[in-house]
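Notes for the one structure printed next.
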Amino acid sequence: MSYKQHEIPMSISKVLSANDTGETGGHQAGMLIPKTGDILSFFPQLGNETKNPRAKLRFLDNSNEAWDFMFIYYNNKFFNGTRNEFRLTGMTAFIRQNNLKAGDKIILTREEDGSRLIKLERAEQVESVNILKLGSSWKVVKI
DNA sequence: AGCCATGCACCG
DNA sequence: CGGTGCATGGCT
């Protein structure tokens, strides 16, 4: 009967770019949040009534340590400029502590009580697992 | 749309 | 004064 109009994703993830981890020498230390559909509904809604609105979000990591990140909507396109994008900033300490590199994945999760979790998934160094599976099978050989 | 880069303000 | 994050411009 009553379908939810807005399914809020419990979990979203992002593969880190080199710029996200600071490997490129940049110093904004914020990762871009794509505006595509359900990703944004994970975050609090920020409109374009005010310029560059933001919300501080607290995440808990594996060891229950709390991290405060800043979710910012750079929206100066609606004022005097060209920006129209969302970023999650203030992650330098977290990235350093976990020694994250480009290719690693960050997973953000929402609990039912509204609290948020942050997890990570290292990039695989080797990706030969699927390929090797086929290697040792027997074959019928025509004589 | 996403990533890279950077001048400046702030703060220790 | 060096590191960090803000705000923004620029490039692909």
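Naming convention: chains lettered A, B, ... in sequence-line order (proteins, then strands); numbering from 1 in each chain. Remember, predicted model here, so these are calculated numbers, not experimental data.
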Report the distance from atom CZ of A:Phe86 to atom C1' of C:dC6, rounded to the nearest whole Å. 17 Å
Residues sharing A:Met70's hydrophobic cluster, by side-chain heavy-atom contacts under 4.5 Å among ILVMFWY, directly or via others? A:Ile72, A:Tyr74
Expressed in angstrom and rounded to an integer, what is the separation of A:Trp67 atom CH2 from C:dG5 atom P? 11 Å
Distance below 4.0 Å between A:Asn52 side-chain N/O and C:dT8 OP1 or OP2: yes
Residues pairing under salt bridge (Lys or Arg N to Asp or Glu O under 4.0 Å) where one sits in residues 40-63 of chain A, two or more places apart or in two chains, turn out to be A:Arg58-A:Asp68
Within the sub-3.5 Å range, which N or O atoms of nucleotides 2-6 of chain B have a protein N or O partner, and how far apart are they?
residue: B:dC4; atom: OP2; partner: A:Ser17; partner atom: OG; Å: 3.2
residue: B:dC4; atom: OP2; partner: A:Asn19; partner atom: N; Å: 2.7
residue: B:dC4; atom: N4; partner: A:Arg87; partner atom: NH2; Å: 2.8
residue: B:dA5; atom: OP2; partner: A:Thr24; partner atom: O; Å: 3.3
residue: B:dA5; atom: N6; partner: A:Gln28; partner atom: NE2; Å: 3.0

Between A:Gly81 and A:Met70, who's closer to the 5' end of DNA chain C by nearest nucleotide? A:Met70
Provide, to the nearest angstrom, the distance between the CG atom belonging to A:Asn80 and the C1' atom belonging to C:dG9. 13 Å
Counting just side-chain N and O atoms, does A:Lys51 come under 4.0 Å of either OP1 or OP2 of C:dT8? yes
Atom OH of A:Tyr73 and atom P of B:dA1: how far apart are they, to the nearest Å? 10 Å
The side-chain hydrogen bond (donor to acceptor under 3.5 Å, both in side chains) partners of A:Asn62 (sequence neighbours excluded) come to none
List the atom pairs, with distances to 0.1 Å, where a side-chain N or O of residues 77-84 of chain A and a protein N or O form a donor-acceptor pair under 3.5 Å, not counting sequence neighbours.
residue: A:Asn84; atom: OD1; partner: A:Tyr73; partner atom: OH; Å: 2.6

Counterpart residues, side-chain hydrogen bond (donor to acceptor under 3.5 Å, both in side chains), relative to A:Asp113 (two or more places apart): A:Ser115
Atom pairs, N/O to N/O, protein against nucleotides 10-12 of chain B, distance under 3.5 Å?
none

Nearest-Å distance, CG (A:Asn84) to C1' (C:dT8)? 14 Å
To the nearest Å, give me how far apart OH (A:Tyr74) and C1' (C:dG10) are. 16 Å
Determine the interplanar angle of the A:Phe69 and A:Phe94 rings, folded into 0 to 90°, and report it as parallel if under 30°, tilted if 30 to 60°, perpendicular if over 60°. perpendicular
Only counting residues at least two apart or in another chain, list the ones meeting side-chain contact (heavy atoms from CB on, under 4.5 Å) with A:Ala93. A:Trp67
Euclidean distance, atom CG of residue A:Leu88 to atom P of C:dC6 [Å, nearest integer]: 10 Å
Who clusters with A:Leu117? Use side-chain heavy atoms, under 4.5 angstrom, across I, L, V, M, F, W and Y, and order the result by chain and number. A:Leu60
How many whole angstroms separate atom CZ of A:Phe94 from atom P of C:dG5? 14 Å
A:Asn76 or A:Arg96, whichever maps to the more 5' nucleotide of DNA chain C: A:Arg96
Count I, L, V, M, F, W, Y as connected when their side-chain heavy atoms are under 4.5 Å apart, and connections chain through other members. Are A:Ile118 and A:Leu32 then in the same cluster? no
